> 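Please read through the structure below; I'll follow up with questions.
All values derive from a computational prediction rather than experimental measurement.
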Amino acid sequence: MKYQTRKKAMLLLADGTIFHGKAVGDKEGTAFGEVCFNTGMTGYQEIFTDPSYFGQLMVTTNAHIGNYGTKSEEVESDSVKISGLICKNFSYDYSRVDADKSLQEFLDDSNLFAISDVDTRALVSYIRDNGAMNAVISTDVNNVEELKKQLAEVPSMEGLELASKVSTKEPYFYGDENAKYKISALDIGIKRNILRNLAKRDAYIKVYPYNSSFEDLKSFNPDGYFISNGPGDPEPLKDAINTAQSIIKQDKPLFGICLGHQVIALANGVSTYKMHNGHRGINHPIINLETGKGEITSQNHGFAVNREEAENNGELEITHVHLNDKTVAGLKMKNKDVFSVQYHPEASPGPNDADYLFDHFFELIKK
C-alpha cells in the first residue's frame with residue numbers, strides 16, 4: 001500500500017458538519033467550493049474536466065476512483081475544472097492497457113487537492129437531505145475555527161456568474177473549414193464532445209466568448225446557432241440572454257444544452273431556480289413527451305427552469321420531463337426553430353438515447 005503515512009484530512013460543510021478522511025498521496029492542502037455528488041460508475045476524467053463543474057467539490061459515489069487511470073483524449077476541456085475531489089477508495093494503480101498515466105499523476109499535474117477514505121454513502125445521504133452547500137476540504141484538521149471563517153467568505157453558487165471563468169478568451173474554429181454547414185457557438189463552458197458531435201455531422205464551428213454579441217455570432221454567416229453548457233447561475237448571464245433573444249428573432253435554428261437551455265428559457269421570460277441538490281450522473285430517466293419514449297441521460301446541473309412558468313408561456317412547449325422529480329428537461333419554441341435540453345446528448349452514457357437531438361438540429365438547418 002502506497003503512502004502509509006498519508007495525512008489526516010476532513011470535509012467541513014457550511015453548516016458545521018465534519019466528515020473525516022485522508023489526503024490523497026503525500027499532499028497537504030485546502031480547497032473550497034460547493035459540494036456536489038455524481039452517481040456515475042465511470043467517466044471520472046470527463047467529470048473532472050467538464051467546465052460545468054467549475055468551483056465545485058466533487059463527491060464520487062462509486063466506491064473506487066482511479067482504477068482505470070487516465071487517457072489524454074478523454075478530457076472535456078484543457079484542464080481540470082473541479083476545485084477538489086472527495087472519494088471513498090482512491091486507486092493509485094490502474095489496469096487499463098491504453099491509459100497514459102495514473103489518476104494521481106493526472107491530478108498532480110493539475111495541482112488538484114483530493115481526499116479519500118471518506119464515508120461517501122453517509123455524505124451523499126446528508127447532501128440529499130440538507131441540500132448542496134459550500135464546503136472546504138483540508139489537511140489543516142486542527143484549525144477548524146479558522147477554516148469556518150474562511151468558508152463563510154466563499155460566495156454562494158446562487159447568483160454566481162462563472163461562465164467568464166471557463167469561456168474562451170478569443171474566438172476559435174473547430175472542424176473542417178470545407179464542411180457543408182457553419183455553426184456559431186456561444187461558449188459559456190462548452191465541452192469538447194459537443195464540438196465533436198457537431199463536426200462529425202459535417203459542420204464547421206466558430207466558437208465565441210461568453211459575452212459575444214449577436215452581431216459577433218452573425219458575422220460568421222452561420223446556418224445555425226448553438227449555446228453551450230456551463231457552470232454557475234444562469235440569471236447573471238445578461239449578455240448571453242440578450243444574444244439568445246436576438247438569435248430567436250432570426251429565422252435560423254438555435255440549439256441549447258444545459259446552461260444554454262436555461263439561457264433560452266430566460267430569453268423567453270421564464271425564470272430559473274437553484275435546485276436542492278441538482279442532477280449529476282449518467283442514469284437519469286427522461287420522458288420525451290413528443291414520442292412517448294424514455295431516455296437514459298447524462299446530467300450535470302444545479303439549476304432548473306421554472307415548470308409552471310414554462311407551461312404558461314404561449315411561445316414555449318415542454319418537450320421532455322425528468323421522471324424522478326418532473327422538472328423541465330426539454331423545451332422548444334412553437335413558432336421558431338429553437339429547442340433545448342437540460343441534459344447532455346453528447347455524453348452517451350452507455351446508450352445513445354439522446355444522440356438524435358444533434359440530428360434534429362441539422363434537420364432544422366437543412367429545412
Side-chain angles (χ1 to χ4, degrees), residues 43 46 50-52 73-77 172-208 217 220 222-230 244 247-248 250-265 279 282 284-291 293-301 317-322 328-333 336-367:
E46 292 89 337
D50 182 346
S52 296
E73 290 88 355
E74 295 174 359
V75 293
E76 291 293 352
S77 66
Y172 66 91
F173 296 95
Y174 188 95
D176 180 1
E177 63 180 338
N178 297 312
K180 186 174 183 180
Y181 307 106
K182 293 166 65 178
I183 306 295
S184 285
L186 186 66
D187 174 13
I188 49 179
I190 200 164
K191 292 172 64 180
R192 284 186 182 168
N193 208 28
I194 289 174
L195 294 173
R196 293 188 195 106
N197 272 274
L198 293 171
K200 78 178 185 180
R201 287 167 172 83
D202 206 12
Y204 186 45
I205 307 104
K206 188 170 184 180
V207 184
Y208 289 86
L217 274 67
F220 188 47
D223 300 294
Y225 296 87
F226 178 80
I227 304 179
S228 80
N229 62 293
I247 295 172
I248 288 168
Q250 309 301 305
D251 289 323
K252 294 285 181 72
L254 169 62
F255 181 21
I257 287 177
C258 205
L259 188 60
H261 160 79
Q262 296 161 11
V263 166
I264 289 173
H279 294 157
I282 59 177
H284 286 261
I286 296 298
I287 183 73
N288 182 325
L289 299 178
E290 296 182 304
T291 65
K293 293 181 178 180
E295 302 173 19
I296 301 302
T297 68
S298 176
Q299 301 207 3
N300 167 22
H301 59 102
E317 179 182 333
I318 296 175
T319 57
H320 301 74
V321 172
H322 197 296
V328 177
L331 291 169
K332 74 174 183 180
M333 294 192 68
K336 296 279 187 178
D337 290 335
V338 176
F339 73 106
S340 61
V341 289
Q342 185 61 82
Y343 51 99
H344 285 270
E346 84 290 342
S348 301
N352 295 314
D353 293 10
D355 201 50
Y356 70 92
L357 291 160
F358 287 103
D359 295 330
H360 178 59
F361 182 41
F362 285 91
E363 286 165 7
L364 294 176
I365 290 173
K366 293 172 188 175
K367 185 186 75 171

> Checking side chain to side chain contact (heavy atoms under 4.5 Å, CB included) for the pair Gln262/Gln342: CA distance, chi angles, key distance, verdict?
CA-CA 8 Å; Gln262 296 161 11; Gln342 185 61 82; 3.1 Å; yes

> Does the side chain of His261 reach to within under 4.5 Å of the side chain of His301, using non-hydrogen atoms?
no

> Hey, does the side chain of Ser184 reach the backbone of Leu217 with a donor-acceptor pair shorter than 3.5 angstrom?
yes

> Roughly how far, to the nearest 0.5 Å, is CD1 of Ile227 from OH of Tyr208?
13.5 Å

> Check the pair Gln299 / Ile286 against side chain to side chain contact (heavy atoms under 4.5 Å, CB included), numbers first and verdict last.
CA-CA 10 Å; Gln299 301 207 3; Ile286 296 298; 3.3 Å; yes

> If we ignore hydrogens and angles and just use 3.5 Å, is the side chain of Asn193 paired with the main-chain N or O of Glu346 as donor and acceptor?
yes

> Can you tell me how the ring of Phe361 sits relative to the ring of Phe226, calling it parallel under 30°, perpendicular over 60° and tilted otherwise?
tilted

> Search all heavy atoms of Ala244 against all heavy atoms of Val263 and return the closest pair with its distance.
CB-CG1, 4.0 Å

> Please confirm whether the backbone N or O of Lys180 pairs with a side-chain atom of Asp202, one donor and one acceptor, at under 3.5 Å?
yes

> Would you say the rings of Phe255 and Phe339 are close, in the sense that their centroids are separated by under 6.0 Å?
yes

> With sequence neighbours excluded, what pairs up with Glu46 under the side chain to side chain contact (heavy atoms under 4.5 Å, CB included) test?
Glu74, Glu76

> For Gly260 versus Ile188, what's the shortest heavy-atom pair and its separation?
N-CD1, 4.1 Å

> Residues in side-chain hydrogen bond (donor to acceptor under 3.5 Å, both in side chains) with Thr319, at least two apart?
none

> Where do Ile183 and Phe220 come nearest, in terms of heavy atoms and distance?
O-CE2, 3.7 Å

> One pair to check against side chain to side chain contact (heavy atoms under 4.5 Å, CB included): Lys191 and Ser77. What are the steps and the verdict?
CA-CA 6 Å; Lys191 292 172 64 180; Ser77 66; over 6 Å; no

> Got Ile282 and Ser298 here, is their nearest side-chain heavy-atom distance under 4.5 Å?
yes

> Using side chain to side chain contact (heavy atoms under 4.5 Å, CB included), reason through Ile247 and Val338 one step at a time and then give a plain yes or no.
CA-CA 9 Å; Ile247 295 172; Val338 176; over 6 Å; no

> When rounded to the nearest 0.5 angstrom, what distance separates CG in Asp223 from CZ in Phe362?
9.0 Å

> Given Asn300 and Asn229, is the side chain to side chain donor-acceptor pair (under 3.5 Å) satisfied, shown in steps?
CA-CA 9 Å; Asn300 167 22; Asn229 62 293; over 6 Å; no

> Any side-chain heavy-atom pair from Asn288 and Tyr356 closer than 4.5 angstrom?
yes

> Quick one: salt bridge (charged side-chain N to carboxylate O under 4.0 Å, His left out) pairs with a partner in residues 351-367, sequence neighbours left out?
Arg201-Asp355, Arg201-Asp359, Asp337-Lys367

> Can you tell which of His344, His322, His279, Glu295 makes a side-chain hydrogen bond (donor to acceptor under 3.5 Å, both in side chains) with His284?
His322

> Which heavy atom of Ile190 sits nearest a heavy atom of Pro51, and at what distance?
O-CG, 3.7 Å

> Could you report the tightest heavy-atom contact between Tyr174 and Tyr204, atom names first, then the distance?
O-CD1, 3.5 Å

> Quick one, His320 and Tyr343 - any side-chain contact, counting heavy atoms below 4.5 Å?
yes

> Honestly, is Lys252 close enough over Tyr225, meaning NZ or CZ under 6.0 Å from the six-membered ring centre and within 45° of the axis?
no

> Side chains of Ile264 and Leu331: closer than 4.5 Å at any heavy-atom pair?
no

